[in-house]
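Inspection log for the structure reproduced underneath, given as structure tokens.
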Amino acid sequence: MIKIRCVVEHITYQNTTNGYSILKVNVKGYKDLVTIVGTLLDVPVGSVLICEGEWKVDKKYGAQFVVNSWEEVMPATLQGIEKYLGCGLVKGIGRQYAKLIVGKFGLKTIDIIENDIERLYEVAGIGKVRVEQIRESWEKQKDIKNVMIFLQGHGVSTSYAAKIFRQYGKESIDKVTENPYTLADDIWGIGFKTADGIATKMGYEKNDLRRCKSGILYTLNQLSNEGHVYSEEEQLVKAASSLLEADEESIIGALNEMLANDDLKQDGEAIYLPPFYHSEIGTAKRLLNLMEANDNSKRPAFNLKAIEKETGIEYDDVQIDAIRQAVDSKIMVLTGGPGTGKTTTTQGIIAALKTAGLKILLAAPTGRAAKRMSEATGMEAKTIHRLLEFNPMDGYKRNEDNPLEGDALIVDECSMIDIILMNNLMKSIPLGMRLVFVGDIDQLPSVGAGNVLRDIIDSQKIPVIRLTRIFRQAQSSRIVMSAHAINKGNFPDLSNGQDTDFFFIKCEDAEQVAGNIVQLVRNRLPKAYNLPTNMIQVLTPMQRGVVGAANLNIVLQEAINSNKTGLNRGGYSFRKGDRVMQIRNNYDKKVFNGDLGYVHEVDLEERTLMVDFEGSLVEYEVTELDELTLAYATTIHKSQGSEYPIVVMPILMNHYVMLQRNLIYTGITRARKICVLIGTAKALAYAIHNMTVLKRNTKLKERLNPALAINGDSKIIPMPIHDNSKGGELGMVPEDEVFF
């Protein structure tokens, strides 16, 4: 092994999930910056590192130093001290004050701050408030350093040390020593594998009971991230045993103890994490209670002429049935694809309920979906979290003890609702309230666990109206007709032309596709439709790869945003004007997973930035930027519930593991005015014919209708779709026939 001492000059890439980093460092004796790679998460620019590892030559990137172990030390040069203090670790000292302080005290700077901080008053511009800020931050850093020294002895980086300290404070070392696996439960960003690595270095054996328990929880959480509400017992034991390389007997012993202690719940062969178990049972019970409750509420008189006069819309027979069903039923589901009249039917339902003077509440899972609902109905629509008055301290204020106040609730985009959120929603609904679920069942299911809307429909216990007719005005949209054709398993019409809203550009090479996307977003589409670039959203099947969201965000940022200075985090540079997305729920900041915003301001001195989320300004410190990602491009999964004026979507075989019919259908239906697919017909064909959608482990359908469990009817029933399009033949056109 070789040891090098280096100063971090630039962060090329950092993966916030596994810690893998690529850094450019200054090493004495080397004229050019050296590339080091390894698990070095959140090492800031200016850090002085002693790294142990070995050199290797990468065919593509040349010489690199691969780090096996490392430690951070205090800088010993004026330049190093200045960079260290200016990197944002010490609140109150940014780049400007770091330069002034080091200019005044030189190599004694660290000692002055440590032992004689009052001397900072000698620096021009530093007053009492800033000195106290620096003192408090420095003391906190000392505690963090103690934690860091302990944890680094067990292979943990400084960034994780900071998170651990933020969670546990001065008890950090005691907490980690007692049970390192609690880190995976308590701290966002620290997963089981990181905690397991710490435990291994602390001497935990493979079959240790605490390790087996944590591995079981991790396995169940991973399954829930894939949409499953439970795991079958045999599946869970095998998966946990494989993950931990532990004996199955040890896993079974840990599992039995967890079940005995109610740490897990069991229903037959199904093993649940308690929140999912209670949510599934609670949702089913409340839905059935609502269905069976005596309806003492005022029943609206059904007057079609009055409804059509109120809305200015002439309804067809199926829509009339839907409105009548909403009048007659306690609960109903309204489902259908684009152009089938879900919005106009919802307006009719609202008009019908209004005629009886009923108080109507509107809600949707996300802020963007709620905003669209408000625009379509002319009424206030809230996110479900806001409707239930959620806050991180008290949870959901609206519940069975404090139910919603109103006569009817209409919830849009219900395919996005997972089982946990649905249970909390159902708790808040009084028995006398009417409930209308609206959603497109053929879109991707919720990101969270469960398949709630489909389970409700397939249970056959709740009235369902399926809108299948594509209205004449929608038939002129090739976006709508293409979506329905794909949903039937047919090829869409790929003949481009100036009068269409749906385009296919043939391109086979991933690098060329990425370059074409940049040209489309920066020049061709804005010029053709006289729209700014922020009206164009790139949607892609995956995060990874040349045409994955991660790489496309970097190349689009370089092409679109002329600001070149920003704060670096997780391999991204966040600059003023960047489109960004929140990627975790942060209830303190009141921003949620999937929220889109723009970087309003970047403060390089204080190492903070301000993000504008539709008029609400939210501040982030540099250590919190792993909650954000660039959003010039995003995955199709993340686009659920959103609409964009123009969508550009690459479809290549590089993404074959994700290419499925409902994914492409969801992506296309996000486009409001223009949809541009770019890639190969082969990839599109593969996606259209791939119906092997992962069946999610849920029991909501059977809990609503036990007869289905007895009959063993667990098949997913395909939804019938009526398509009036002729269906285009598969054919390619030269790119020059695309007019933009």
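From a predicted model like this one, the values you see are computed outputs, not experimental measurements.
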Check against side chain to side chain contact (heavy atoms under 4.5 Å, CB included), Arg469 and Val318: CA-CA 9 Å; Arg469 175 192 168 197; Val318 180; over 6 Å; no

Stepwise side chain to side chain donor-acceptor pair (under 3.5 Å) test for Gln557 and Asn561: CA-CA 5 Å; Gln557 180 192 49; Asn561 192 344; over 6 Å; no

Steps toward side chain to side chain contact (heavy atoms under 4.5 Å, CB included) verdict (Tyr632, Asp578): CA-CA 8 Å; Tyr632 297 99; Asp578 277 337; 2.5 Å; yes

Arg670 and Ser642: CA distance, side-chain angles, deciding distance, side chain to side chain donor-acceptor pair (under 3.5 Å) verdict: CA-CA 6 Å; Arg670 300 309 89 205; Ser642 300; over 6 Å; no

Lys682 and Glu508: CA distance, side-chain angles, deciding distance, salt bridge (Lys or Arg N to Asp or Glu O under 4.0 Å) verdict: CA-CA 10 Å; Lys682 179 182 178 181; Glu508 297 185 9; over 6 Å; no

Check against side chain to side chain contact (heavy atoms under 4.5 Å, CB included), Leu425 and Leu388: CA-CA 7 Å; Leu425 176 63; Leu388 303 184; 4.2 Å; yes

CA sep, side-chain torsions, deciding dist, call: Thr345, Gln319, side chain to side chain donor-acceptor pair (under 3.5 Å): CA-CA 6 Å; Thr345 305; Gln319 291 178 302; 2.9 Å; yes

Intermediate values then yes/no, side chain to side chain contact (heavy atoms under 4.5 Å, CB included), Leu421 and Tyr396: CA-CA 10 Å; Leu421 183 58; Tyr396 295 93; 3.9 Å; yes

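Between Val618 and Ser616, the closest side-chain pair of non-hydrogen atoms falls below 4.5 Å. Looking only at side-chain heavy atoms (C-beta outward), Ile583 and Leu628 stay at 4.5 Å or farther from each other. The shortest side-chain heavy-atom distance between Met649 and Ile636 falls under the 4.5 Å cut-off. Asn553 places none of its side-chain heavy atoms less than 4.5 Å from the side chain of Arg579. Contact of the Leu287 side chain with the Ile462 side chain is registered, since non-hydrogen atoms from C-beta on lie closer than 4.5 Å. Taking the side chain as every heavy atom from C-beta outward, Leu609 and Glu619 never approach each other to under 4.5 Å. Looking at heavy atoms from C-beta onward, Thr680 lies in side-chain contact with Leu652 at the 4.5 angstrom threshold. Using a 4.5 Å heavy-atom cutoff, the side chains of Ile350 and Met379 are in contact.
A distance-only check finds no donor-acceptor pair linking the side chain of Asn697 to the backbone of Val229 [under 3.5 Å]. With hydrogens and angles ignored, the 3.5 Å screen pairs a side-chain donor or acceptor of Thr540 with a backbone N or O of Val547. Using modelled atom types, no side-chain atom of Glu413 and backbone atom of Val438 make a donor-acceptor pair closer than 3.5 Å. Using a distance-only test at 3.5 Å, with no hydrogens or angles considered, no donor-acceptor pair links the side chain of Ser482 to the main chain of Pro492. Not one N or O on the side chain of Asp612 forms a donor-acceptor pair closer than 3.5 Å with the backbone of His600. No donor-acceptor pair under 3.5 Å is formed between the side chain of Asn551 and the backbone N or O of Gly548. For Arg454 (side chain) and Asp442 (main-chain N/O), no donor-acceptor pair under 3.5 Å exists by modelled atom type. Checked by atom type and distance alone, the side chain of Asn424 pairs as donor or acceptor with a backbone atom of Ile420 at under 3.5 Å. Between the side chain of His228 and the backbone N or O of Leu223, no donor-acceptor pair lies under 3.5 Å. For Asn487 (side chain) and Ala483 (main-chain N/O), no donor-acceptor pair under 3.5 Å exists by modelled atom type.
When every heavy atom of Asn568 is checked against every heavy atom of Val622, the shortest pair comes out as O-CG2, 4.1 Å. Counting all heavy atoms, side chain and backbone alike, Asn586 lies closest to Glu627 at ND2-OE1, 3.0 Å. Nearest heavy-atom pair, Leu539 versus Ser639, reported as atom, atom and distance to 0.1 Å: CD2-CB, 3.6 Å. In plain terms, the two heavy atoms of Ala681 and Phe504 that are nearest each other are N-CZ, 3.8 Å. Contact record, Ala550 with Tyr572: CA-OH, 3.3 Å, taken as the closest heavy-atom pair. Of all heavy-atom pairs between Leu700 and Glu280, the closest is N-OE2, 3.4 Å.
There is a side-chain donor-acceptor pair under 3.5 Å between Arg478 and Thr500. A donor atom on one side chain and an acceptor atom on the other are found under 3.5 Å apart for Asp440 and Tyr665. For the residue pair Ser477 / Asp501, a side-chain donor-acceptor distance below 3.5 Å is found, with atom types taken as modelled.
No more than 12 heavy-atom neighbours from other residues, nucleotides or ligands sit within 6.0 angstrom of NZ on Lys673. The 12-atom threshold is exceeded at CZ of Arg584, counting heavy atoms of other residues, nucleotides or ligands nearer than 6.0 Å. Residue Glu375 places its CD atom among more than 12 non-hydrogen atoms of other residues, nucleotides or ligands, all under 6.0 Å distant.
Taken to the nearest 0.5 Å, the CZ atom of Arg524 stands 11.5 Å off from the CD1 atom of Ile517. Separation of atoms OG1 (Thr343) and CE (Met373) is listed at 9.0 Å; rounding is to 0.5 Å. A distance of 13.5 Å separates NZ of Lys590 from CG of Asp595, quoted to the nearest 0.5 Å. Taken from CG in Leu334 to CD1 in Ile465, the straight-line distance is 8.0 Å, to the nearest 0.5 Å. Remark: Phe592 CZ to Phe390 CZ distance equals 7.0 Å, nearest 0.5 Å. From Met332, atom CE reaches atom CG of Leu435 across 10.5 Å, with rounding to the nearest 0.5 Å.
Here Lys564 pairs with Glu558 in a salt bridge; the nearest charged N to carboxylate O distance falls below 4.0 Å. Under a 4.0 Å N-O distance rule, the pair Glu226/Arg696 does not qualify as a salt bridge.
Remark: of the listed residues Val452, Ile417, Thr283, Asp418, Thr283 is the sole one forming a side-chain contact (heavy atoms from CB on, under 4.5 Å) with Asn423. Under the side-chain contact (heavy atoms from CB on, under 4.5 Å) rule, Tyr644 has a single partner from Ile536, Ile674, Val538, Leu596, which is Leu596.
Applying the side-chain hydrogen bond (donor to acceptor under 3.5 Å, both in side chains) test to Glu389 and every residue at least two apart in sequence or in another chain returns Arg398. When the ring pair (Phe, Tyr, Trp, His ring centres under 6.0 Å) test is applied to Tyr230, the partners found at least two apart in sequence or on another chain are Tyr272.
Stacking of Lys576 on the aromatic ring of Tyr598 is not recorded, the 6.0 Å distance cut-off and the 45° axial limit not both being met.
Residue pairs meeting the salt bridge (charged side-chain N to carboxylate O under 4.0 Å, His left out) criterion with at least one partner in residues 640-655, sequence neighbours excluded, are Arg372-Glu643, Glu643-Arg672.
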